2 protein chains.
Amino acid sequence: MREVSETVSANTQKRVTSQDVAREAGVARSTVSYVLNRTPHQTIPDSTRKRVLQAAERLGYTPSSAARTLRRGRSDVVLCILRAWPFGSAAGTLLAELTASFSERGLSLVTHIEGAGMKTPDKVWQEISPAAVLTYHPVPRDTERAMRSAGVQSVVVLFSAENETAGNLIRPDGRIGRMQAEHVIAAGHQRIGYAYPEPPALQDFAGPRLQGVKTVCSEAGLLPPDVCTVPLDAQSASNAIKHWQSLPQPVTAVCAYNDEVAQALIAGARLSRVDIPGELAIIGADDIPTAALATPPLTTIRIDHISEARRIVDTVTATLAGKEPPASWDTAELFTAVIRESA
Amino acid sequence: MREVSETVSANTQKRVTSQDVAREAGVARSTVSYVLNRTPHQTIPDSTRKRVLQAAERLGYTPSSAARTLRRGRSDVVLCILRAWPFGSAAGTLLAELTASFSERGLSLVTHIEGAGMKTPDKVWQEISPAAVLTYHPVPRDTERAMRSAGVQSVVVLFSAENETAGNLIRPDGRIGRMQAEHVIAAGHQRIGYAYPEPPALQDFAGPRLQGVKTVCSEAGLLPPDVCTVPLDAQSASNAIKHWQSLPQPVTAVCAYNDEVAQALIAGARLSRVDIPGELAIIGADDIPTAALATPPLTTIRIDHISEARRIVDTVTATLAGKEPPASWDTAELFTAVIRESA
DNA sequence: CTGTTAGCGCGTTCAC
DNA sequence: GTGAACGCGCTAACAG
């Protein structure tokens, strides 16, 4: 075993303040501030500037974010609040992209994953004073008010299963369902099933995706999709498949909420000796790393997290700057169908 | 489509301060502070207390965390810094547990996922002034110094592939490797392979796990494990399997870094028509949701994230309180072998 | 016992 | 280039 943890008890280091830098450089605190922030319209001779910079360097000066936040009224942090849904590698990828994009704009992203079985929803935003809060679920009116009076400038809800009227779409997941349905219909399927995820926390996401499938079915003049909730075990998936096949007009293609559900379906099909895609086509969503490893390899809809991230960052920075966020984006750049063998 | 985003541009609300509450309640600011913090040795009559509380409620008072942090020198935030490795649902589960446990101790957890391709490693801790920083990778000396002089009291490295001497083990991943090896050796295998992950970011984790396998092999008087790096695609996995089978003393059991790598191996075996577990036994790690869905269902080592979380929180709070962190834990409570069919 | 006054912590920014 | 006030909550010292 090679793991270690390093801890230290007391923090002996006394904080280096701008006062110290000023003293060291032989100038006033304000000068230090001007130099370090490259304040416009404050011309400071290079000699002084250099002295200050060197003093700061020598002393290892780190400005106190608390003091700056106090003064400026908001920090340069963006807080993303996530429910404790079982997220996969997709979330990690997106978050890494967001971090990079925000960072280019001088903002730091941190994420708060809500606690498992917590009584009171905690108020991290109070601790952070973020400039903006991102969520993937609706925020109650008074919570939002509380955030605002705590200094949060921008509250962006990236997702809501409630209402499609207002605002600009951030992630049009309905499009995923559409693409799934379009693919299997183009392949000649006439009766479609939908495999819905079991965890309640996921249903906010599942709703829009399912809705997309429904829309396309209706546009194509087909029956609406037959929806089964499919937990992540082979037996349940097998039962769902039996159900679909026993319908008066049997289902021949299933759109799964995501690739994990699709993998469960594949396992269930094997249990029931149902051939995929021969007897039943299956299409997933997300294109997780193991999707290509399934037997048969999973056809799925891939999400381009890097363009998603860029979009989110644009919206947030626009809002922070007091401008109108950009209009809804072209979803074509966001999702692509990855055709493999399962459908 | 039903997705919406809600944004608001300007923050019109002026901040409610303790001054406002004091005015509203007809008392001094300090009194407000005493009431709200339930300061010991300051007895305040219920009548006054109630007035203050109600005034605060009525005004929707939220103390400025920035001001408090400035005064106290540190916030009640714990920052967990994660590399952008492709983490699975395990990470989400652990983080949710950590959030809940820290919350019981009055601490808020936020996570920073490092950016994808970032030039300068960003210094989120400067923006947050966390009381503690958690990482799963070693922290350079001067980074740690910088953190400390920025007010961070406790830096806990949960993981290091470097050195096993100092400190108390937080997550003894070597034990995972041990358990994998012990399982297959008990099943009669004499020559073991190790499937190493490809992403460089994962190698910090893989090292200790592999080391555990090595140790057990050596203790059992076997040859050391034959190590192959196995990317997540069936063809590469198939090649690795061919390699193992072509060895003078062929490998009959493979310990995989994690369940995803194990799934790749299963896909590769199918490609090469190698029977699992008949011709090759495979054991994974992490017990991800889809592990049971594989064909054959994956034998794996499960990590108990809730006890892991508890342990981490204990260590951090002890360190923050200036006490010695508790001794190394009993790993038996942390890992359990989940025997299915692949090994 | 109840509550007030005063000053600190630290960076920012306006007026000179 | 400087002095000083400000943003806001905490808490020691002190008065009624």
Side-chain angles (χ1 to χ4, degrees), chain A residues 11 13-53 55-56 59-76 126-129 131 149-151 153, chain B residues 11 13-53 55-56 59-76 126-129 149-151:
Chain A
N11 190 352
Q13 336 262 330
K14 65 228 163 287
R15 180 167 249 301
V16 178
T17 74
S18 73
Q19 183 66 271
D20 299 324
V21 178
R23 205 189 339 270
E24 177 87 1
V27 296
R29 271 170 49 228
S30 40
T31 306
V32 173
S33 175
Y34 289 139
V35 169
L36 263 31
N37 298 330
R38 287 189 235 74
T39 309
H41 304 303
Q42 279 288 342
T43 31
I44 290 173
D46 268 5
S47 59
T48 309
R49 166 185 305 283
K50 205 144 287 174
R51 277 218 319 288
V52 171
L53 257 18
L59 267 41
Y61 170 63
T62 308
S64 150
S65 58
R68 189 191 12 222
T69 301
L70 176 57
R71 186 67 243 247
R72 293 224 266 243
R74 62 145 156 151
S75 70
D76 287 331
Q126 292 188 174
E127 294 291 339
I128 308 279
S129 303
S149 60
Q153 294 231 340
Chain B
N11 189 354
Q13 334 264 328
K14 65 232 161 283
R15 177 166 252 299
V16 177
T17 75
S18 72
Q19 184 64 271
D20 299 323
V21 178
R23 208 191 337 272
E24 177 86 1
V27 295
R29 275 174 42 228
S30 43
T31 307
V32 174
S33 177
Y34 288 139
V35 170
L36 263 29
N37 297 330
R38 288 190 235 72
T39 309
H41 304 303
Q42 275 290 339
T43 37
I44 290 173
D46 269 5
S47 58
T48 310
R49 166 186 305 283
K50 205 145 287 174
R51 278 218 318 291
V52 170
L53 258 17
L59 268 40
Y61 170 63
T62 309
S64 149
S65 57
R68 193 195 359 216
T69 300
L70 177 57
R71 186 67 241 254
R72 292 224 266 244
R74 62 143 156 152
S75 71
D76 287 330
Q126 292 189 173
E127 293 291 338
I128 308 279
S129 301
S149 60

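Every value quoted in this text rests on a predicted model; they were computed, and no experiment measured them.
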**Message:** If we ignore hydrogens and angles and just use 3.5 Å, is the side chain of R51(A) paired with the main-chain N or O of A25(A) as donor and acceptor?
**Reply:** yes
**Message:** I need the minimum non-hydrogen distance between R15(A) and P63(A), along with the two atoms involved.
**Reply:** NH1-C, 4.2 Å
**Asked** Heavy atoms under 4.0 Å, any strand shown: does T31(B) hit a base, just sugar-phosphate, or nothing?
**Response** base
**Asked** Which heavy atom of V27(A) sits nearest a heavy atom of V32(A), and at what distance?
**Response** CG2-CG2, 3.9 Å
**Request:** Indicate, with a heavy-atom threshold strictly under 4.0 Å, whether S30(B) touches base, sugar-phosphate, or nothing.
**Result:** base
**Request:** Just call it for S18(B): base, sugar-phosphate, or nothing, with non-hydrogen atoms closer than 4.0 Å on any strand.
**Result:** sugar-phosphate
**Asked** Considering only dC10(C), dT12(C), dA15(C), which nucleotide approaches the side chain of R71(A) most closely?
**Response** dT12(C)
**Prompt:** Please give, in whole Å, the distance from dG11(C) P to L59(A) CG?
**Reply:** 12 Å
**Atom-to-atom span, CG of L36(B) to P of dC10(D) - whole angstrom** = 8 Å
**Asked** What nucleic acid atoms does V32(A) come within less than 4.0 Å of, heavy atoms only: base, sugar-phosphate, or nothing?
**Response** nothing
**Request:** Respond yes when some side-chain nitrogen or oxygen of S33(B) is under 4.0 Å from OP1 or OP2 of dG9(D), and no when none is.
**Result:** no
**Message:** How close do A67(A) and L70(B) get, counting heavy atoms only, and between which atoms?
**Reply:** CB-CD1, 3.8 Å
**Request:** Verify the contact: side-chain N or O of N37(A) to OP1 or OP2 of dG11(C), cut-off strictly under 4.0 Å; return yes or no.
**Result:** no
**Request:** Determine the contact category for S64(B): base if any of its heavy atoms lies under 4.0 Å from a base atom, sugar-phosphate if only primed atoms, P, OP1 or OP2 are that close, otherwise nothing.
**Result:** sugar-phosphate
**Request:** Mind checking I44(A) for me? I need base, sugar-phosphate or nothing, with any heavy atom below 4.0 Å counting as a touch.
**Result:** sugar-phosphate
**Message:** For L36(A) versus Y61(A), what's the shortest heavy-atom pair and its separation?
**Reply:** CD2-CE2, 3.4 Å
**Message:** Distance check needed: dG11(C) C1' versus D76(A) CG, whole Å only.
**Reply:** 13 Å
**Asked** Rounded to the nearest Å, what distance is computed from the OH atom of residue Y34(A) to the P atom of nucleotide dG3(D)?
**Response** 13 Å
**Fill in**
Side-chain contact check for Y61(A): nearest option of dC8(D), dG3(C), dG11(C) is dG11(C)
**Asked** Quick one: R23(B) CZ to dT4(C) C1', roughly how many Å, whole number?
**Response** 16 Å
**Prompt:** Can you tell me how far C1' of dC10(C) sits from CZ of R15(A), to the nearest Å?
**Reply:** 8 Å
**Prompt:** Base, sugar-phosphate, or nothing for T69(A), non-hydrogen atoms under 4.0 angstrom?
**Reply:** nothing
**Request:** Round to a whole Å and report the spacing from CD of Q126(B) to P of dC10(C).
**Result:** 15 Å
**Request:** Please work out if R68(B) contacts a base, only the sugar-phosphate, or nothing of the nucleic acid, heavy-atom cut-off 4.0 Å.
**Result:** sugar-phosphate
**Asked** Does the side chain of S75(A) come under 3.5 Å of the side chain of S129(A) through a donor N or O and an acceptor N or O?
**Response** no
**Fill in**
Atom CZ of R72(B) and atom C1' of dC10(C) are separated, to the nearest Å, by 17 Å
**Prompt:** Quick one: on DNA chain C, does G26(B) or L70(A) contact a more 5' nucleotide (nearest heavy atom)?
**Reply:** G26(B)
